[in-house]
Amino acid sequence: MLDKNKVIVGMSGGVDSTVAAYQLKKMGYEVIGVNMRLWQDDFLEEEHFMKDGGCCSLSSVEDARRVCEQIGIPFYALDFKGVFKETVVDYFIDAYKNGETPNPCIACNKYVKFEALLEKAHQLGAYYVATGHYAKISYDENLARYIVEKASAIEKDQTYALYNLTQEQLQHILMPLAEFTSKDEVRQIAANFDVQMSQKSDSQEICFVPDQDYVGFLKRNGNFKIEKGDFFDTDGNVLGKHEGIVNYTIGQRKGLGITFGKPMYVVDIDPEYNRVVLGENETVFKKELWAKDVNFIQMASIEGPYRCEAKIRYSAKPAPCTIECVDDLVHVIFDEPQRAVTPGQAVVFYQGSYLVGGGTILRK
RNA sequence: UGGGGAUUCGCCAAGCGGUAAGGCAACGGACUUUGACUCCGUCAUUCACAGGUUCAAAUCCUGUAUCCCCAG
């Protein structure tokens with residue numbers, strides 16, 4: 001029998017998850033803090049892993065332990081390295097191997113935070129798992145579904161990385177930061193009981209690649225050869241040599257190591273022939289895309305053409321579009337061409353502030 | 001080894017006697033819970049080299065070196 005008053009909070013040791021735990025405790029929940037051990041890279045200095053962060057931070061166990069003590073809740077450090085490697089790291093490596101650009105945060109949310117950790121919560125008798133994500137989850141009586149809405153702190157909104165969650169998962173998730181209107185407000189609360197923590201900076205890198213060098217990470221952990229190949233223009237002419245497709249993502253300009261007198265961008269990555277196609281800015285816009293592994297939040301599925309907005313990357317403005325399911329894929333046609341539609345990244349659908357669903361962008 | 005033309009930042013390129021534009025790249029920073037994009041900033045005391053003429057030369061003159069084209 002799960003206790004609806006009991007909640008497991010995933011705590012990175014950062015500001016957000018700390019305040020999330022604090023708020024829940026204040027609301028009267030029985031709160032247990034859990035720090036997930038996700039990854040260990042002997043190659044990197046420990047200090048790299050000491051930084052704070054949002055949902056993805058590995059941060060330090062010690063910070064998490066300390067604040068739990070201050071808040072007055074039990075704390076456990078649990079090992080999730082196995083599931084993290086299988087569902088996040090391996091996926092991350094495979095995506096690059098296939099010429100795609102992965103979004104590990106989305107995979108981590110789906111499989112680790114809201115699956116593995118949720119299971120653990122249930123084992124401990126807790127009905128809920130909570131995180132420091134910025135998003136609103138609620139139950140809609142009319143739809144008879146759990147729905148997700150953008151956070152009040154709109155500039156920190158993380159719904160983009162949550163489109164993948166199932167009804168079953170949403171039913172058991174609490175996100176106490178939903179109603180805060182800014183990160184500053186969250187920091188203020190943290191400052192009440194831990195000033196040092198409240199000033200930690202936001203994380204912005206891939207949590208298991210804190211030195212930013214994801215190519216180095218792939219070399220150490222990837223188990224495949226990164227082979228040099230040719231740059232092509234959009235007409236099929238060879239322009240020069242590239243350092244291996246994993247070094248590039250659609251829309252990229254910097255680091256091509258080649259100059260044309262005009263800015264040039266990556267337009268396409270062809271893993272089969274190990275090619276990277278370059279073009280001018282105008283060539284990197286696309287009006288439509290196909291996505292797989294589609295999940296809908298607001299409804300079980302959609303029938304026929306459906307008008308909504310879509311984001312093709314975390315920090316994009318939602319763009320008006322028409323979507324339609326075809327078999328198990330979704331076809332997205334934008335009103336205006338979008339820049340750098342990137343295979344492997346998520347396309348996420350919205351109706352105003354509500355999260356409709358999303359999927360993984362395909363190459364063709 | 002006859003004739004003609006070139007040689008300015010890693011790349012392209014302005015300048016044509018008055019005290020080195022710009023673009024690309026690179027680097028640094030801002031932004032960013034993925035990868036990117038974007039934005040801001042920094043980037044030739046020096047113009048292939050050596051002399052000379054001028055108050056003053058990358059700009060004119062004389063050699064030297066290298067490259068390209070046309071002739072052999």
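Each chain gets a letter, A, B and so on, in the order the sequences are listed, and its residues count up from 1.
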Engineer: Which residue, Ala340(A) or Thr259(A), contacts RNA chain B at a nucleotide closer to its 5' end, judged by nearest heavy atom?
Structural biologist: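 Going by which nucleotide is closer to the 5' end, it is Thr259(A).
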Engineer: Using the ring of Phe217(A) (Phe, Tyr or Trp, six-membered ring only), decide whether Lys219(A) places NZ or CZ under 6.0 Å from its centre and within 45 degrees of its axis.
Structural biologist: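 No, a cation-pi geometry is absent between Lys219(A) and Phe217(A).
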Engineer: What interatomic distance, in whole Å, is found between C1' of G23(B) and the corresponding atom of G18(B)?
Structural biologist: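 Comparing C1' positions in G18(B) and G23(B) gives a spacing of 27 Å.
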Engineer: Is there a donor and acceptor pair, one atom on the side chain of Ser315(A) and one on the base of A36(B), closer than 3.5 Å?
Structural biologist: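 Check passes, donor-acceptor contact within cut-off.
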Engineer: Can you tell me the pairing partner of C27(B) across any strand shown, Watson-Crick or G-U wobble, with both distances under 3.5 angstrom?
Structural biologist: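 When the pairing criteria are applied, G41(B) turns out to be the nucleotide that pairs with C27(B).
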Engineer: The side chain of Pro263(A) lies closest to which of these nucleotides: G35(B), C24(B), U34(B)?
Structural biologist: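 Closest nucleotide among those given: C24(B).
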Engineer: Kindly say whether the aromatic ring centers of Tyr111(A) and Phe84(A) come within a distance under 6.0 Å.
Structural biologist: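 Ring centroids of Tyr111(A) and Phe84(A) are no less than 6.0 Å from each other.
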Engineer: On RNA chain B, compare the nucleotides closest to Gly251(A) and Ala161(A); which residue's is nearer the 5' end?
Structural biologist: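 Its nucleotide being nearer the 5' end, the pick is Ala161(A).
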Engineer: Could you check if the base of C39(B) is syn or anti? Syn means the glycosidic torsion is within 90 degrees of 0.
Structural biologist: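 What C39(B) shows is an anti base, its glycosidic angle lying more than 90° from 0.
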Engineer: What is the distance, to the nearest angstrom, from the CG atom on Leu278(A) to the C1' atom on C24(B)?
Structural biologist: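 Leu278(A) atom CG is separated from C24(B) atom C1' by 13 Å.
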Engineer: Name the nucleic acid region contacted by Tyr214(A), choosing base, sugar-phosphate or nothing; use a 4.0 angstrom heavy-atom cut-off, strictly under.
Structural biologist: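 Result for Tyr214(A) = sugar-phosphate.
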Engineer: I'd like to know whether the aromatic ring centres of Tyr96(A) and Tyr91(A) sit less than 6.0 Å apart in this structure.
Structural biologist: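 No: the rings miss the under 6.0 Å criterion.
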Engineer: Are Arg275(A) and Phe232(A) in a cation-pi setup, meaning NZ or CZ lies under 6.0 angstrom from the ring centre and within 45 degrees of the ring axis?
Structural biologist: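 Because its charged atom sits under 6.0 Å from the ring centre and within 45° of the axis, Arg275(A) does stack over Phe232(A).
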Engineer: Using the C1' atom in both, what is the distance from G63(B) to G72(B), to the nearest Å?
Structural biologist: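 The same atom, C1', in both gives a distance of 26 Å.
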Engineer: Please determine, for C16(B), whether a Watson-Crick or G-U wobble partner exists with both distances under 3.5 Å, and give it or none.
Structural biologist: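 Pair assignment: C16(B) / none.
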Engineer: Does any non-hydrogen side-chain atom of Val186(A) lie less than 4.5 Å from one of Val15(A)?
Structural biologist: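 Val15(A) vs Val186(A): side chains touch.
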Engineer: When rounded to the nearest Å, what value does the distance between C1' atoms of G3(B) and C27(B) take?
Structural biologist: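 Their C1' atoms lie roughly 47 Å apart.
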Engineer: Could you tell me the separation between the NZ atom of Lys241(A) and the C1' atom of A25(B), rounded to a whole number of Å?
Structural biologist: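 Interatomic distance, NZ of Lys241(A) to C1' of A25(B): 21 Å.
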Engineer: Whole angstroms only, please: what is the CZ-C1' distance between Phe260(A) and A26(B)?
Structural biologist: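 So the CZ-C1' distance, Phe260(A) to A26(B), works out to 16 Å.
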Engineer: Phe92(A) near the nucleic acid: base, sugar-phosphate alone, or nothing, with a heavy-atom cut-off under 4.0 Å?
Structural biologist: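 The answer is nothing, as Phe92(A) stays clear of every strand by at least 4.0 Å.
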Engineer: Gln252(A) CD to U38(B) P: how many Å, rounded?
Structural biologist: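 My rounded result for the distance is 11 Å.
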Engineer: Send over the distance from Leu256(A) CG to C27(B) C1', rounded to a whole Å.
Structural biologist: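 Going from CG in Leu256(A) over to C1' in C27(B) covers 16 Å.
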Engineer: When both hydrogen-bonding distances must be under 3.5 Å and the geometry is Watson-Crick or G-U wobble, what is C67(B) paired with, if anything?
Structural biologist: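 Pairing partner: G5(B).
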Engineer: Sticking with atom C1', work out how far C69(B) lies from C9(B), rounded to a whole angstrom.
Structural biologist: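 One C1' to the other, the span is 28 Å.
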Engineer: Between G52(B) and C67(B), how far apart are the two P atoms, rounded to whole Å?
Structural biologist: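 Comparing P positions in G52(B) and C67(B) gives a spacing of 28 Å.
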Engineer: For A71(B) versus U7(B), give the span between their P atoms, rounded off to a whole number of Å.
Structural biologist: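 Those two atoms are separated by 24 Å.
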Engineer: Partner lookup for C60(B), please. Criteria are Watson-Crick or G-U wobble with both distances under 3.5 angstrom; report none if nothing qualifies.
Structural biologist: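 When the pairing criteria are applied, G52(B) turns out to be the nucleotide that pairs with C60(B).
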Engineer: For the pair Glu280(A) and Lys262(A), find out whether any cationic side-chain nitrogen is under 4.0 Å from an anionic carboxylate oxygen.
Structural biologist: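 Lys262(A) and Glu280(A): salt-bridged.
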Engineer: Under 4.0 Å, counting only non-hydrogen atoms across every strand here, what does Tyr314(A) touch: a base, just sugar-phosphate, or nothing?
Structural biologist: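 Base, at least one base heavy atom under 4.0 Å.
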Engineer: Between atom CG in Leu38(A) and atom P in U34(B), what is the gap in whole Å?
Structural biologist: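 Those two atoms, CG and P, are 16 Å apart.
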Engineer: What is the distance from OH of Tyr265(A) to P of U38(B), rounded to the nearest Å?
Structural biologist: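 After rounding, the gap between these two atoms is 4 Å.
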Engineer: Any idea which of U34(B), A36(B), U38(B) is nearest the Arg253(A) side chain?
Structural biologist: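 The listed nucleotide nearest to Arg253(A)'s side chain is U38(B).
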Engineer: Give a yes or no on whether the ring-centroid distance for His122(A) and Tyr128(A) is below 6.0 angstrom.
Structural biologist: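 No, ring centres 6.0 Å or more apart.
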Engineer: Need one value for Arg313(A): base, sugar-phosphate or nothing, where a base atom within 4.0 Å counts as base even if backbone is also close, heavy atoms only.
Structural biologist: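 Answer is base: heavy atoms of Arg313(A) come under 4.0 Å of a base.
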Engineer: Using the C1' atom on both, measure U42(B) against U19(B) and round to a whole Å.
Structural biologist: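 Here U42(B) and U19(B) have their C1' atoms 23 Å from each other.
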Engineer: Could you check whether Gly255(A) gets within reach of a base, just the sugar-phosphate, or nothing at all, counting any heavy atom under 4.0 Å?
Structural biologist: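 Sugar-phosphate contact only - Gly255(A) comes under 4.0 Å of backbone atoms but never of a base.
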Engineer: Lys183(A) NZ to C31(B) P: how many Å, rounded?
Structural biologist: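 Distance, rounded to whole Å: 13 Å.
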Engineer: Please give the distance between the C1' atoms of A13(B) and A30(B) as a whole number of Å.
Structural biologist: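 Going atom to atom, C1' in each nucleotide, I get 31 Å.
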